[in-house]
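Okay, structure first, notes after.
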Amino acid sequence: MTSQLRSVKKWKYDVFLNFLPEDFNENFVTDLYKRLEDIGIKTFKHDGRSAKLAPFSTEISEAIEESRIAITIFSKMYAFSIRCSEEITKIMECVDNHGQEFFPVYGTEPRAVLRKFSRSSKASLERSDREKVWICKDALSKAVDIAKFNKYDYNYSYPFGVFCWKDECIEEIVDKASQVMNIPKYPVGIRSRVEEVKSLLKVESGGVHSIGIWGTAGVGKTTVARALFNEISCQFEESCFLPNVRRVLENHGPGGLHHLQQKLLSQILKKHSVGLANFASCDEIISQMLCSKKVLIVLDDMDDNHQLEHLTGKHNWFGDGSRVITTTRSFDLLGKHDVFYRVPELTNNEALELFSWHAFQQGAPVKDFEELSCCVVDYAKGSPLILEILGSFLYKQSTKEQISALYRLQGFGDEKIDRLLIIILDALDAKYKNILLHIACFFRGKKKKDVITVLNKLGFELVNEIDVLNRLFLYISEGMIEMQDPIAQMSQQVARDAEQGKPWNCSRLWHEKDMNTAFSANQIARTHTFSVAPLNEANQKWKYDAFLSFRGDDTRNNFVAHLYKRLQDIGINVFKDDVKLERGKIISTELLKAIEESRTAIIIFSEDYASSTWCLEELTMIMECVDKKEQKAYPVFYNIEPSDIRMKTESSSFAKALEKHREDFKANFEKFATKHEADLALRKKDETNHKDNLEKVQRWKDALHRAAGIAGLNVRKTANGNEADSIDKIINDNFRNMHHTVSATEKYLVGIESRMGEVESLLKFRSGDVCFIGIWGIGGVGKTTVARKYFDKVSHQFQRSCFLANVREESKKNGLMCLQKTLLSRLLKEKSMNMASFYEGADMIKRRLCHWKVLIVFDDVDDEDQLEYLVGNHDWFGGGSIVITTTRNQDLLRRHDQLYSVPELAKDEAIEVFSWHAFQKPTPDKEFLKLSKSVVDYAKGLPLALKVLGSFLYKRGIIEWRSALDRLKDTGYEKIVKQLSLSLDGLSHEEKNIFLDMACFFRGRKRDDVITILNSFGFRSEIGTDILIQKSLLYISEGMVEMHDLIEQMGQQVARNVDQDKPWNHSRLWHEQDIKTVFSANQRTDSIKGIMVPIGSDRHICKWSKAFRNMPCLRLLIVKGEEARHHDPICDPIEYLPSNLKWLDWSYYSFVSLPADFEPGNLVALIMTFSSLVEIFKEPKAFDKLTILNLSFSGSLLRTPNFCETPNLQKIILKSCVSLVEIHPSIGNLKKLIFLNLENCESLKSLPSSIQMDSLESFNLSGCQKLEKFPEIQRNMKSLSELLLARTAIWEFPSSIGQLSGISLLDLRSCEYLVI
């Protein structure tokens, strides 16, 4: 329904920008707006007034309704804006009711948006009605939910204010918006062409006019027509753009014209279905219904007058002011049109700019590519299509092969465009190439989802291949897969290129004539250049990877011996008859079976190959397996030419050998005929045998001809006859992708190709160097999987290779020396390695491997010693070697050349991975969809969690699913938690404590604040935090401490793992039930180090505060939450607090003072905002270590303590302590005080008469309305840079004010009594 509505809705704007101005530097939204407008996307952007204060106007509401796309930028403070909340509510209404597209862009975490809205809604409730707040919250939740499972989800950690991320984010948004709007991303030259057409259309004048836009394929006719339509359609009562008319008619056959007529009326009349009997009777209906309407109609890609006759008829079909636009390649179709416009090719300057945008993402070529760019522009002859294809192909590519391929184009002559496109096609992986050819030959114009279904049935197992081909070879139009005609023609030509006169040798048939020829000829098809579908091969169980067919006397002890050894060394399972056949076996039966069970047959043709009837029988059997079992045959021409095997000349050794076989068979026949002359039955048998033998020779000849025609390798012409290089090429041609296809260690590797591509890109320019690559990330994210797949794919390219799995585990079990032995044994193919120590082992690795080109993967490394004694330095290995290390600890990779952080799965990837494991298919069952989304949301893109949970839930019912989800939210899944907790093994005691504190208490808090708190415990938390980041256990986002949800849950589970039913033995408490149990039990515990009391639970610790006496090790007590509120007064007074406390943070403390028995000598921070304190202690107490005192918003506070007892104070915050009347004079002597905030202390009348705070940097007295005198300055307080005195009653400054020489900000606003 939504898609239908979208096709008939008239939009005033293309895009509405929903954002909070205060959260952005001006550049981001301004640049996004300009970029959208530059490419013709009409965008509504409200002015820069404060969104917090500006009302939600009727103008904005109407703009949202009239916008086709709404782009919402969720920023840090977005949820605090009333207007933004009302805008998103309206947007969600339009998404539901008007088919509006919604693109979310995140400058903050999605969950943070909802969390902050919940926080801000409390204030909103005071200013607005409850129902309105809930409507806004529901809309915001819906928006975030759409983002989670919508393909339009841009999640940039913080693109705003960071130049490169900002540009990347803007380009991503513009790209997607332009696809929806069918607007070119880089509209070079479009504006001038649109203006030329507009001048011909004379939209403002009356009458009905038609214009024909024509030109060559790919010149931009549709682009111009679409841009014009988008710009002027709002000036007409109704409008309709019918794309790809020719293709629609081809796909729908005889009913196509009727379909288009219905579509035309449906769009213009805004009806989802129009009942029309047939296209002939429809002419009159169209004219009747549209004759009074001012309409704009575009008919795109017409190729027949019949189409025009029944779609737009005559001028009197339409109302006054109507305009009809036709695009076509044929000028002859435009005879009845009023005016014509031929779309010109791009000028050289325009062409160079367009090519540069696609190739370099800027308007001019980058340095060193100017000549190449001009060369391409010259070849393209101003065709935008060719420029886009070549530019997109070269984007971020700069290999010598690709550049030289383009320079070779000058010899292409008349077919250069096809050749250009074929070069690009040749650069595709075989899988992508097959998909493209299938679409070009069979599926062009079909629904995307149907094509994906068919291709999956053929065994392609598509993930994002269509999207990869999109924008370069394909495009999606109204859900259909389309391609430009030159691309389709080129692809079809490639499919037919085998032998034009022999269609049975083509890979695909679709022309009737070709099919008639192929079926009537009844020929055996030769090996396909591109296999029709990989399904059979993927499912075929092969016993051997390769079968070697050769003439023993010619090659057994030289070429074949070397080839066989090389194949074995790289792990290829090879059948070689003199090695594999057991004594006593019937050789013909055994060989027959071996050929059938081999994936690839390598046929080494040598001088005397055909002299062996055994070799010829092998070859015949191989050709049969090629036909029936999709076996691959690969001929190697060893010191002979393919023409010898085709037996074109009498001197061919193969022709002579076959003639010799005929003569031998004839001689045998004559011999036995003479012998059996008297026996008629035997003579008849001899004749039959002779006939069979002659037919056998013919089969041999046919097999030789076929084998000679298959692409293979000519040893003489490869590397000047170098046999070693020839063997390398054989391996590269046949086994490059074998492991990638069949050796997968994981069942459903969604997203693996893109991650492997990123690893490969790190090695692009290091072909001859030794390269160390580090792959790192959190546990379970897929590091080993990426490394294993890369290893399987490229290991054949190295002289030796070794994947050393589970290094951490094996090192603990067996020691480093065992790993060294395993490494050398696998690389050197030696069963036993003798070494006295791991020092000797390291030396042996260096000496034995320094001349070898090796590929080594060290998986799951967790200690520097492992790298030092296994990997060493670059000079341990030969040129071209690659060493890959996977680890959770980035710090171990300091000596590596390139690093790759494995990202979590995207949301659509995560859904697919989970579905494969839970349902054995790529999407969830309908009734499990909501539950599946909940599981995927819990896993947060972690493949390990998705696999474990999916496998656990496989074939379980709804009730079991819900039960499992409840358990996940509480304690997590044991197997996942256990795997992730391995990341803690290498941490020191202090680092582990830092991590557990962060996981239990500090996630989402400012990094600097957390560092301050942890430092108060004596930790070196700056270093500890860096180590945790390097180990992928946490990250910093917008200055906040963050970690993966499952890492947080693992940390919390570790803190609770000891005696689950006895929480007094846990190290940290934050669950209400655990807190209640501990305090009511009043058990002595030395385990508890920190407590964070959730909202509403402080009654437990007040009721049983004596329990604090049994917690001598408690160092942290937090009693507050993000949504803290003042509870009703609690009758039970606090009797005791532990003297070991270092950090006490208790918001809304309900008592007039701290317990008299509390000794605060160890306290570093006392934070009691919104408290009921009148004074801190009734009797003086020593705060020797106190550095932070924050009693802000404590409305009952009357006086401060004697600051002589707090010599180390660095920060005092008494903001809005409205009853405070007395500041102890000793405050003026605090030598270490840096920050003093007394803002809005309305009752404060005086300060100490003098101050000498040497370290003070910021002093805030704003809002102290009764303060009349500023104290004398005893000495030069040069550190003071901020002095804020706004809204005070100060009437004069002392003469010593001149001592404040470092002031950079002095705020004297509203100081009405001040005399200067």
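This one's a predicted model, so the numbers in the text were calculated from it and none came from an experiment.
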Evaluate the criterion side chain to side chain contact (heavy atoms under 4.5 Å, CB included) for residue pair E1312 and T1288; output intermediate values, then yes/no. CA-CA 8 Å; E1312 298 175 0; T1288 62; over 6 Å; no
Test V1054 against F995 for side chain to side chain contact (heavy atoms under 4.5 Å, CB included), laying out the working first. CA-CA 11 Å; V1054 168; F995 169 71; over 6 Å; no
Give the intermediate values and the outcome of salt bridge (Lys or Arg N to Asp or Glu O under 4.0 Å) for residues E1159 and K1181. CA-CA 7 Å; E1159 293 299 331; K1181 297 272 187 177; 3.2 Å; yes
Given the rule in the salt bridge (Lys or Arg N to Asp or Glu O under 4.0 Å) test, do D1307 and R1309 qualify, once you have shown the distances and angles that lead to the verdict? CA-CA 6 Å; D1307 186 357; R1309 289 175 300 164; 2.9 Å; yes
Check step by step if side chain to side chain contact (heavy atoms under 4.5 Å, CB included) holds for L1314 and L1308. CA-CA 9 Å; L1314 183 64; L1308 299 174; 4.0 Å; yes
List the steps and the verdict of ring pair (Phe, Tyr, Trp, His ring centres under 6.0 Å) for F1108 and F1079. CA-CA 8 Å; F1108 280 125; F1079 278 83; 5.1 Å; yes
Just do the side chain to side chain contact (heavy atoms under 4.5 Å, CB included) check on I1212 and L1230 with the steps written out, would you? CA-CA 11 Å; I1212 298 176; L1230 291 173; 3.8 Å; yes
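Side-chain N or O atoms of D891 include none that pairs as donor or acceptor with a backbone N or O of I1027 at under 3.5 Å. Between the S1243 side chain and the V1218 main chain, a donor and an acceptor come within less than 3.5 Å of each other. Listed for the E1268 side chain is no donor-acceptor partner under 3.5 Å among the backbone atoms of S1246. Checked by atom type and distance alone, the side chain of H1066 never pairs as donor or acceptor with a backbone atom of R1068 at under 3.5 Å. Looking only at distances, a side-chain donor or acceptor of T1085 sits under 3.5 Å from a matching main-chain atom of S1087. Side-chain N or O atoms of S1310 include none that pairs as donor or acceptor with a backbone N or O of R1287 at under 3.5 Å. Under the 3.5 Å distance criterion, the side-chain polar atoms of S1304 are matched with a main-chain donor or acceptor of S1281. Remark: the backbone N or O of L1283 is not paired with any side-chain donor or acceptor of N1260 at under 3.5 angstrom.
Shown here are the ring-ring contact (aromatic ring centres under 6.0 Å, His included) partners of F1183, two or more places apart in sequence or in another chain: F1177. Partners of E1282 according to the side chain to side chain donor-acceptor pair (under 3.5 Å) rule, which considers only residues two or more places apart in sequence or in another chain, are S1258. Residues satisfying the salt bridge (charged side-chain N to carboxylate O under 4.0 Å, His left out) test with D1184, not counting sequence neighbours, are none. In terms of the side-chain contact (heavy atoms from CB on, under 4.5 Å) criterion, residue partners of L1173 (sequence neighbours excluded) are, by chain and number, Y1149, M1168, S1171, L1191, L1197. T1200 meets the side chain to side chain donor-acceptor pair (under 3.5 Å) test with no other residue; sequence neighbours excluded. Residues passing the side chain to side chain donor-acceptor pair (under 3.5 Å) test with N1237, sequence neighbours excluded: none. Applying the salt bridge (charged side-chain N to carboxylate O under 4.0 Å, His left out) criterion to D1009, with sequence neighbours excluded, gives no partner residue. In this view, E1222 and R1199 satisfy the side-chain contact (heavy atoms from CB on, under 4.5 Å) rule, not counting sequence neighbours. With sequence neighbours left out, Q1052 forms a side chain to side chain donor-acceptor pair (under 3.5 Å) with no residue at all. In this structure, the side-chain contact (heavy atoms from CB on, under 4.5 Å) partners of Q1274, at least two apart in sequence or on a different chain, are S1250, Q1252.
For residues 1205-1220, every residue pair satisfying the side chain to side chain donor-acceptor pair (under 3.5 Å) rule, not counting sequence neighbours, is listed here: N1208-K1232.
Scanning all heavy atoms of the two residues, the minimum distance from C1000 to A1055 falls at SG-CB, 3.8 Å. Considering all non-hydrogen atoms of both residues, P1248 and G1228 come closest at CG-N, 4.4 Å. Considering every non-hydrogen atom in both E991 and L1028, the closest pair reads O-CD2, 4.1 Å. Closest approach of P1063 to L1069, counting heavy atoms only: O-CD2, 3.5 Å. Residues I1134 and W1146 approach most closely at CD1-CH2, 3.5 Å, considering heavy atoms. Closest of all the heavy-atom pairs between L1267 and K1245 is CD1-O, 3.4 Å.
Classification of R1115 and D997 as a salt-bridged pair holds, one side-chain N sitting under 4.0 Å from a carboxylate O. Taking the charged nitrogens against the carboxylate oxygens, K1266 and E1242 have no contact shorter than 4.0 Å, which rules out a salt bridge.
Interatomic distance, L1284 CG to L1238 CG, rounded to the nearest 0.5 Å: 11.0 Å. We find the CG-CE distance between D1145 and M1092 to be 10.5 Å, quoted to the nearest 0.5 Å. Between the NZ atom of K1278 and the CG atom of L1256 there is a distance of 14.5 Å, given to the nearest 0.5 Å. Between the NZ atom of K1142 and the CG atom of L1166 there is a distance of 15.5 Å, given to the nearest 0.5 Å. Distance check, rounded to the nearest 0.5 Å: CZ of F1158 to CG of L1144 gives 6.0 Å. Distance CG/N1240 to CD/Q1265: 7.5 Å, rounded to 0.5 Å.
Heavy atoms from other residues, nucleotides or ligands lying under 6.0 Å from CZ of R1020 number 12 at most. The 12-atom threshold is exceeded at NZ of K1231, counting heavy atoms of other residues, nucleotides or ligands nearer than 6.0 Å.
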Validation: residues 1292-1301 side-chain donor-acceptor distances under 3.5 Å, sequence neighbours left out:
| from | atom 1 | to | atom 2 | distance (Å) |
| --- | --- | --- | --- | --- |
| S1296 | OG | E1272 | OE1 | 2.8 |
| S1296 | OG | I1273 | N | 2.8 |
| S1301 | OG | N1276 | OD1 | 3.4 |

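Using a 4.5 Å heavy-atom threshold, the side chains of L1236 and I1227 count as touching. The shortest distance between side-chain heavy atoms of L1244 and V1221 does not fall below 4.5 Å. The closest side-chain heavy-atom distance from N1162 to K1185 is below 4.5 Å.
Residues S1255 and S1279 have side chains that never bring a donor and an acceptor to within less than 3.5 angstrom of each other.
Taking the six-membered ring for Trp and thresholds of 30 and 60 degrees, W1070 and F1001 have ring planes more than 60 degrees apart, a perpendicular arrangement.
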